[in-house]
Structure formats: C-alpha cells, structure tokens
Visitor: 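Encoded as structure tokens, here's the structure I'll be asking about.
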Amino acid sequence: MLTSDDVNNHRFSITKFQAGYSINQVDDFLDKVVEELRRREGSSVETGSEARCTAQDVRSVQFKHTRWLDGYNQSQVDEFLLKVAETFNEFEKSQ
C-alpha cells in the first residue's frame, strides 16, 4: 500500500521525441492523489465522508500525449497508477 510520501516522492523518466504524458497534467493529478491520501492517512477522516479522489478516478484518468515536448514515460506512469488504484481500493474496502 502506498503512502502520500511514496506518491509525492515518486519520479518518472522524461521522454523526448517519443510518446509521453503531459508532465503538468500528471503532476496536477498526483497532487490530488497526495491530498486524498493525506486526508485518509489522518485520523480525522469521517466514515462515509466523500473522497476527493477514488480508485475509479485513478483508473479512468487520461492525460494529454506529447511527442515533440518533454513528457513522462507512459508505461512508468501507467504502472504506478495501477499501484495507486490498488491503494485506494484498500481504503475503499475498509470504509
């Protein structure tokens, strides 16, 4: 199970002149993931309170593809997001 620090500190390889994901979009989405993980890691989360980011959000997110601009390695991002979705699944099962 990933922690907010795991997500916050994770780094992806940068692609150049090949398919990648928009760095800004991935970073913005992961900021939301970190915020939600921190909320869930805290003892103040109320049962039934609405999540700001869910496993379904992680599974369905789509990022702009880059080719000529720097981007994040797509397979690394996709693999990491699977782990993030698994983490949210565990939180959601325990509610």
Side-chain angles (χ1 to χ4, degrees):
M1 198 148 134
L2 296 173
T3 67
S4 58
D5 287 338
D6 293 333
V7 175
N8 198 43
N9 295 323
H10 193 81
R11 300 291 172 253
F12 303 106
S13 297
I14 304 291
T15 61
K16 292 182 182 229
F17 304 115
Q18 55 184 304
Y21 286 140
S22 166
I23 291 172
N24 289 337
Q25 287 183 349
V26 172
D27 287 346
D28 289 347
F29 183 74
L30 290 179
D31 286 345
K32 292 178 188 177
V33 168
V34 168
E35 181 182 325
E36 180 62 19
L37 285 173
R38 286 186 177 147
R39 185 181 79 87
R40 289 175 178 264
E41 290 165 351
S43 59
S44 63
V45 176
E46 296 176 21
T47 303
S49 64
E50 189 170 323
R52 295 176 188 105
C53 187
T54 66
Q56 180 59 37
D57 294 332
V58 175
R59 286 190 297 272
S60 65
V61 69
Q62 294 184 351
F63 303 110
K64 178 181 173 190
H65 293 262
T66 63
R67 184 159 191 86
W68 305 110
L69 302 172
D70 290 354
Y72 282 141
N73 180 292
Q74 291 178 351
S75 61
Q76 289 177 1
V77 172
D78 291 341
E79 184 178 315
F80 188 69
L81 289 179
L82 287 174
K83 294 176 185 175
V84 171
E86 290 171 10
T87 296
F88 279 124
N89 278 335
E90 290 300 316
F91 278 122
E92 291 164 12
K93 285 180 190 176
S94 66
Q95 286 184 344

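Start at 1 with the first residue, then count along the sequence. Values below: all heavy atoms of this structure, side chains included; hydrogens, waters and symmetry mates excluded.
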Visitor: Residues in side chain to side chain donor-acceptor pair (under 3.5 Å) with Asp6, at least two apart?
Guide: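 By the side chain to side chain donor-acceptor pair (under 3.5 Å) rule, Asp6 matches Thr3.
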Visitor: Apply salt bridge (Lys or Arg N to Asp or Glu O under 4.0 Å) to the pair Glu41 and Arg38, showing each step before the final yes or no.
Guide: CA-CA 5 Å; Glu41 290 165 351; Arg38 286 186 177 147; 5.6 Å; no
Visitor: Considering residues at least two apart in sequence or located in another chain, which fulfil the ring-ring contact (aromatic ring centres under 6.0 Å, His included) criterion with Phe88?
Guide: none
Visitor: Could you pull out all residues at least two apart from Val7 that satisfy side-chain contact (heavy atoms from CB on, under 4.5 Å)?
Guide: Leu2, Leu30, Val33, Val34, Leu37, Phe80, Val84
Visitor: Looking at Gln74 and Gly20, what are the two nearest heavy atoms and their distance?
Guide: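 Closest approach of Gln74 to Gly20, heavy atoms only: NE2-O, 3.3 Å.
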Visitor: Show the nearest heavy-atom pair for residues Ala85 and Ala55, with the distance to one decimal.
Guide: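 Here Ala85 and Ala55 meet closest at O-CB, 3.7 Å.
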Visitor: Evaluate whether atom CD of Glu79 has more than 12 neighbouring non-hydrogen atoms of other residues, nucleotides or ligands under 6.0 angstrom away.
Guide: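 No.
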Visitor: Pairs under 3.5 angstrom only: tabulate donor-acceptor contacts from the side chains of residues 8-18 to other protein residues two or more places apart or in another chain.
Guide:
from: Asn9; atom 1: ND2; to: Asp5; atom 2: O; distance (Å): 3.0
from: Arg11; atom 1: NH1; to: Asn8; atom 2: O; distance (Å): 3.2
from: Ser13; atom 1: OG; to: Gln76; atom 2: OE1; distance (Å): 3.4
from: Ser13; atom 1: OG; to: Gln76; atom 2: NE2; distance (Å): 3.0
from: Thr15; atom 1: OG1; to: Gly71; atom 2: O; distance (Å): 3.2

Visitor: Please collect all salt bridge (Lys or Arg N to Asp or Glu O under 4.0 Å) contacts where either partner lies in residues 53-68, sequence neighbours excluded, each pair once.
Guide: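 Of all non-adjacent pairs touching residues 53-68, none passes salt bridge (Lys or Arg N to Asp or Glu O under 4.0 Å).
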Visitor: Any side-chain heavy atom of Val61 sitting closer than 4.5 Å to one from Tyr21?
Guide: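 The answer is no, as the side chains (C-beta and beyond) never meet within the 4.5 Å cut-off.
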Visitor: Return the set of residues passing side-chain contact (heavy atoms from CB on, under 4.5 Å) with Glu90 (not counting sequence neighbours), or none when no residue passes.
Guide: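 Partners of Glu90 under the side-chain contact (heavy atoms from CB on, under 4.5 Å) test: Met1, Lys93.
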Visitor: Which residues pass the side chain to side chain donor-acceptor pair (under 3.5 Å) test with Glu35, sequence neighbours left out?
Guide: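 Not a single residue meets the side chain to side chain donor-acceptor pair (under 3.5 Å) criterion with Glu35.
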Visitor: Would you mind listing every side-chain hydrogen bond (donor to acceptor under 3.5 Å, both in side chains) that reaches into residues 23-32, with sequence neighbours excluded?
Guide: Asp27-Tyr72
